[in-house]
Amino acid sequence: MLNSSARTLPLPDIVVGKDDHLKLVDLVAAATGDTAAVGQMLLAELERAQIVAQADVPDDRVRVGSKVSYITSEGFGRSFQLVFPDDTDLAGGKVSILTPMGAALIGLRVGQTIPWKMSDKRELALTIRAVSQDG
């Protein structure tokens, strides 16, 4: 089942801090195995990002370390903290930037929606409900 609204969504504008951008590009360059494909997804997001001074990244933008809540176009909601791969702890709610979800959400702000393809090929839309930097 395809969600037609997800297929027609334009990619939202994203903002990434310069320091984070450099770290993430280095992370992608070192990615191997299963993470290499996700690294290419992340690199595509970084290439279209507006890069700003790290101090100028608004608090409502998703970055590594952010706590993020989202809802899908099917009504499923989830919250987690976006982290570097070495800090991943799924049971503790910490999701790696080198996952399809992490790569998709980087740089988004509250209220923005991005198209998302599930592993079973369904197309959904993800909308950011909340972002906090207190992680």
Side-chain angles (χ1 to χ4, degrees):
M1 177 174 105
L2 294 178
N3 183 320
S4 61
S5 64
R7 272 184 286 170
T8 60
L9 279 175
L11 292 176
D13 295 333
I14 60 175
V15 173
V16 175
K18 184 177 180 180
D19 296 346
D20 285 348
H21 187 269
L22 292 172
K23 288 177 192 173
L24 293 172
V25 168
D26 286 346
L27 185 66
V28 168
T32 60
D34 293 341
T35 60
V38 177
Q40 291 309 305
M41 291 171 50
L42 177 57
L43 188 59
E45 290 298 292
L46 294 172
E47 287 174 350
R48 68 182 195 83
Q50 176 188 0
I51 309 303
V52 300
Q54 199 65 39
D56 293 338
V57 178
D59 285 341
D60 70 344
R61 292 286 179 162
V62 177
R63 58 185 111 165
V64 176
S66 296
K67 290 185 179 174
V68 182
S69 293
Y70 70 86
I71 190 165
T72 71
S73 52
E74 293 185 343
F76 173 78
R78 184 171 178 206
S79 298
F80 62 87
Q81 183 176 14
L82 187 61
V83 297
F84 285 106
D86 289 344
D87 298 322
T88 299
D89 176 7
L90 296 180
K94 296 181 178 184
V95 174
S96 171
I97 184 67
L98 279 182
T99 61
M101 180 66 61
L105 297 182
I106 192 73
L108 294 176
R109 74 174 185 284
V110 173
Q112 283 185 308
T113 300
I114 191 163
W116 170 254
K117 187 176 283 190
M118 302 285 293
S119 58
D120 63 7
K121 306 299 183 211
R122 286 180 299 147
E123 294 182 13
L124 303 176
L126 303 178
T127 301
I128 303 296
R129 298 173 81 178
V131 175
S132 66
Q133 305 306 329
D134 59 338

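- Checked by atom type and distance alone, the side chain of Gln133 pairs as donor or acceptor with a backbone atom of Arg61 at under 3.5 Å.
- Listed by chain and residue number, Ser69 satisfy the side chain to side chain donor-acceptor pair (under 3.5 Å) test with Ser79 (two or more places apart in sequence, or in another chain).
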Distance-only donor-acceptor pairs under 3.5 Å for side chains of residues 23-36, two or more places apart:
from: Thr35; atom 1: OG1; to: Thr32; atom 2: N; distance (Å): 3.4
from: Thr35; atom 1: OG1; to: Thr32; atom 2: O; distance (Å): 2.8

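- For Asp89, the CG atom counts as densely surrounded, since its 6.0 Å shell holds more than 12 non-hydrogen atoms of other residues, nucleotides or ligands.
- The two residues Val16 and Val57 have their closest heavy-atom pair at C-CG2, 4.1 Å.
- Proximity of Val83 to Thr88: side-chain heavy atoms (C-beta onward) are separated by under 4.5 Å at one or more points.
- Nearest approach of Gln54 to Lys18, heavy atoms of both residues: OE1-N, 3.6 Å.
- Between Phe80 and Leu105 there is a side-chain heavy-atom pair separated by less than 4.5 Å.
- By the 4.5 Å heavy-atom criterion applied to side chains, Leu11 and Pro115 are counted as neighbours.
- The shortest side-chain heavy-atom distance between Arg109 and Val15 does not fall under the 4.5 Å cut-off.
- When all heavy atoms of Ile97 and Pro85 are compared, the pair lying nearest together is CG2-CD, 4.1 Å.
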Please output the side-chain donor-acceptor pairs of residues 37-51 that fall under 3.5 Å, not counting sequence neighbours, one pair per line with the distance.
from: Glu45; atom 1: OE1; to: Arg48; atom 2: NE; distance (Å): 3.4
from: Glu45; atom 1: OE1; to: Arg48; atom 2: NH2; distance (Å): 2.9
from: Glu45; atom 1: OE2; to: Arg48; atom 2: NE; distance (Å): 3.2
from: Arg48; atom 1: NH1; to: Pro12; atom 2: O; distance (Å): 2.5
from: Arg48; atom 1: NH2; to: Pro12; atom 2: O; distance (Å): 3.1

